[in-house]
Structures are given as C-alpha cells and as structure tokens.
Protein chains: 2
Amino acid sequence: MRLTKKERQSYLSQALEQNPFLTDEEVAKKFHVSIQTIRLDRLELGIPELRERIKHMAEKKFDRVQSLSPNEVIGEVIDLQLHKNGISLLEIGFEHVFERNQIARGHILFAQANSLAIALADWKVALTGNASIRFVRPVQLGEKCIAFANVAEAYDSRLHVGVQTKVQEEIVFQGDFEVYRVSDDRGN
Amino acid sequence: MRLTKKERQSYLSQALEQNPFLTDEEVAKKFHVSIQTIRLDRLELGIPELRERIKHMAEKKFDRVQSLSPNEVIGEVIDLQLHKNGISLLEIGFEHVFERNQIARGHILFAQANSLAIALADWKVALTGNASIRFVRPVQLGEKCIAFANVAEAYDSRLHVGVQTKVQEEIVFQGDFEVYRVSDDRGN
DNA sequence: CCTCATTTTAATACCTAGTCCTAAGTGCTA
DNA sequence: TAGCACTTAGGACTAGGTATTAAAATGAGG
C-alpha cells in the first residue's frame, strides 16, 4: 500500500538528509507519487529545492576557516619552574570542540600539553621529538583543563616531560614528551 | 581600455577560483563585456557553469561529511578511502610556526595527522584514544606537508592508523593513532 | 450511498543560469 | 579590401525548479 502523508514526509526528510542530491522527480518515483506531491511535501517541511541545498553545502565548505589559534600558546601557563615542573590552564571554548558533539578535539589537549612541555625547557630553540599520549576521557565544552607537567629526566640537550591534564581532579589526558634542544646555528 | 582576451581569461580563472559563486552575468559586468564573451571564455578555459562548480564543491565535501564538519580539519584532505587510507596536505604558514625560528609547532603537525586519522573513521563520533608520535625533523615555514595515513588494523569500534608526514619524500613526522568510536547515545 | 474535507494530481505560466548554434558586427593587418 | 580573430546578438532548448489555480481521487462520518 501507499504510505500516508506523514510517513512519506518523514521518509522524505530522511532521504534528503542522507542524500541531498536527489531531485523531486527521483524521489517521486521512489515513493510512487507525483512530482507535485513531493513539492507540496517539501513546501510543508520547509525543505529547499535541490539547487539551494547543494549551494548551502558548498557555501558551508567554502567558509572553512582553517582555525587552530595562531601564534598564541594553547593554554595559559600559570606556574613554571624551568626544567622542573609547570602548570597550564585551558578552558575549552567553542573554537576547540567538534561542532557535532561539543567534545574537545584531540589536538587541542595535545597542543596545551606540548606547549607546556616546550615551555619547561630553558632553551632558545626547543622542539618535540617523540611523544606518547593517551586521551583518557573526552573533554566537554566549557570544562577547565589543568595540565601538570613534570620533568622526569633531564640531560644536556634532552628533557623527558610527563604531562597529566585534569578536569577537577579527574585525569583526562596523559602524555610523555621528549623535548630536545636545537643548537641555534641558523642552519635549520 | 578594455583588456585583451588573454588578460581577461586569466583574470576570469582567478576570479572564479577565488569566488566560484559568480554568475556569468556578474563577471560580464565586472569586465564590461557581454555575457556571451564570458561564456566563450569559460568554454575555452574548460570552466564549468556556476551550478556545476557549486555541485562539485558540495560533492567533494559530501564525500567526507560523515565524521567531519568543515572547519574541523587541519590541512586539506585530498584523498580519502574510509577505513583504508587518506592523504592530507598542509602548507606551513606564519600562523603555524614559532616566531623565533619559523619552525612549525609540533601540535600543528600533530593536528594534521590527528584530523586525518579521525577522518578515516566512518563514524559519527570518533575520538583519539592513544597515540605515539615522533617528530623526525623540524618543518620550516613554507614547506608543504603531505600526511599519508593507513589503517593498520580495523575493529568494530577501533581503528589503528599509521600516519607518515613527508616534505618532498622526506619523512618529517610519524605517528600511530588509536581512534575509537563513541556510541552516539546522546548521553556522551 | 452521499457528502465533505483532505490529499493528490494536473496544467499553466514563469524563473535562472545556463547550452548550443547561427549570424552579424568590429578592428586590425597584410 | 579581403581575411582573420574576436565580440556581440538572438533564438531555441534544457533542468529543476516556483507559484497558482483547478480538477480529480480518496477516506471517514453520518
């Protein structure tokens, strides 16, 4: 039997969400109704025509602002004992999370820890070599992340830094960073 | 004076690249020529009409909507086989480097690789669990980083992704990411 | 079974942003 | 002045619609 209007409209929404490239004609055939019926449905559901749907998608794509805060350090360093330990604070904002689920993107937590690890080294040029990290639990929008960094081993031109990031005493991120010194010979 | 054909066509390519949403009529006015001239130009340059341009953009984007919203990727994903492999391109700009030495910050390379690894997962909500990474050599301002990601192991709700980032065939970054799926129970 | 509202289909005019084609005009130059 | 490249104009046609009006078909209640 044919679907009822409600059912059809519900399936229509779904179908167009799943594949916005369908023309009215195509869905009309799918549902065995006339084009006009589909158009009435779209009208009632407030779904724009194919071309508008496509355009909106393209526009969204177009304004992809390649974010990730520029030169700023990610997080605010609030305490620092060079070659010993440091603390950095970061409140997760809109610019740090996935739109869809408001969970902080991994590289944001990484960036906070990494920045802090590098800040610990009292060298003109310090870079990260290896790192091993663990995202213990997802961090939500609005949560305040406090990263605690401790130097585990210190060599002449290498530093092993352990970082634990917590939200209210709960560990959310853990990482071990190997930071090394680059002789500032302008060569690199 | 009016531009020559060559000049006009060159500007036309540029203009449409910069803003693909321009109609023939709009550019015709801009260049003070007739619509037909613009259409001939497009024909000669092999530039498709507005609607096709927009459609292609939307399609490209649609390929990878599952796990990603536009501005969530660092770098430009130029190839992607879900659950298999992917390639992402990132040119290191001023906003990515340390002021002092113009070396890319570690978390930028991490972000590129991490984004790509997550993009590989065809899941609504995908997050990074563990990661082990190595910054092989510093990357300078202006260098183009190409990240190659390959799924090493795929489970029902976990993916092991290996990422190698190269600058002109030279490996600069290496990482192993464990990406996991989060059941989308709205509770998360 | 008839009636009435809802739902569906049809028909028409119009729109945008084009394609494709033919024809005519312009400007330079050999 | 003829030839050529370039430009413009016009008409016919296209997809994928909007907007409007009107006529059927259908289902439910009395």
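What you see is a predicted model, and the numbers here were worked out from it, not measured in a lab. Below, read A as the first sequence line, B as the second, and so on, with proteins coming before strands; counting in each chain starts at 1.
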Could you check how far [atom1] of [X] sits from [atom2] of [N], rounded to whole Å?
| X | N | atom1 | atom2 | result |
| --- | --- | --- | --- | --- |
| D41(B) | dT7(D) | CG | P | 7 Å |
| Q36(B) | dG11(D) | CD | P | 12 Å |
| E7(A) | dT6(C) | CD | C1' | 16 Å |
| K55(A) | dG17(D) | NZ | C1' | 14 Å |
| I35(A) | dT18(D) | CD1 | P | 11 Å |
| E44(A) | dA19(D) | CD | P | 14 Å |
| K5(A) | dG27(D) | NZ | C1' | 14 Å |
| K6(B) | dT7(D) | NZ | P | 13 Å |

Seminar exercise, completed: Residue pair I47(B)/L40(A) against DNA chain C: nearer the 5' end by closest nucleotide is L40(A)
Exercise. So, for Y155(A) and Y180(A), is the gap between ring centers shorter than 6.0 Å?
Worked result: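 Between Y155(A) and Y180(A), the centre distance exceeds or equals 6.0 Å.
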Exercise. Do F110(B) and L141(B) belong together in a cluster built from hydrophobic side chains that touch within less than 4.5 Å?
Worked result: yes
For this session: Kindly indicate, with the supporting measurements, whether the criterion side chain to side chain contact (heavy atoms under 4.5 Å, CB included) is fulfilled by F98(B) and I118(A).
Result: CA-CA 11 Å; F98(B) 290 106; I118(A) 284 191; 4.1 Å; yes
For this session: Counting heavy atoms from C-beta on, name the nucleotide in dA17(C), dG16(D), dT8(D) closest to the side chain of L50(B).
Result: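 Among the listed nucleotides, the one closest to the side chain of L50(B) is dA17(C).
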Please confirm whether the shortest side-chain N or O distance from [X] to OP1 or OP2 of [N] is below 4.0 Å.
| X | N | answer |
| --- | --- | --- |
| S34(B) | dT7(D) | no |
| T37(B) | dT8(D) | yes |
| R42(A) | dT18(D) | yes |

For this session: Confirm from the modelled atom types if R51(A) and dG17(D) form a donor-acceptor pair under 3.5 Å, side chain to base only.
Result: no
Exercise. With V33(A), which of I38(A), L40(A), D41(A) fulfils side chain to side chain contact (heavy atoms under 4.5 Å, CB included)?
Worked result: I38(A)
Problem set entry | N-O pairing of R42(B) and E49(B) below 4.0 Å | no
Problem set entry | Sugar-phosphate only, base, or nothing, as touched by R8(B) at under 4.0 Å among non-hydrogen atoms | sugar-phosphate
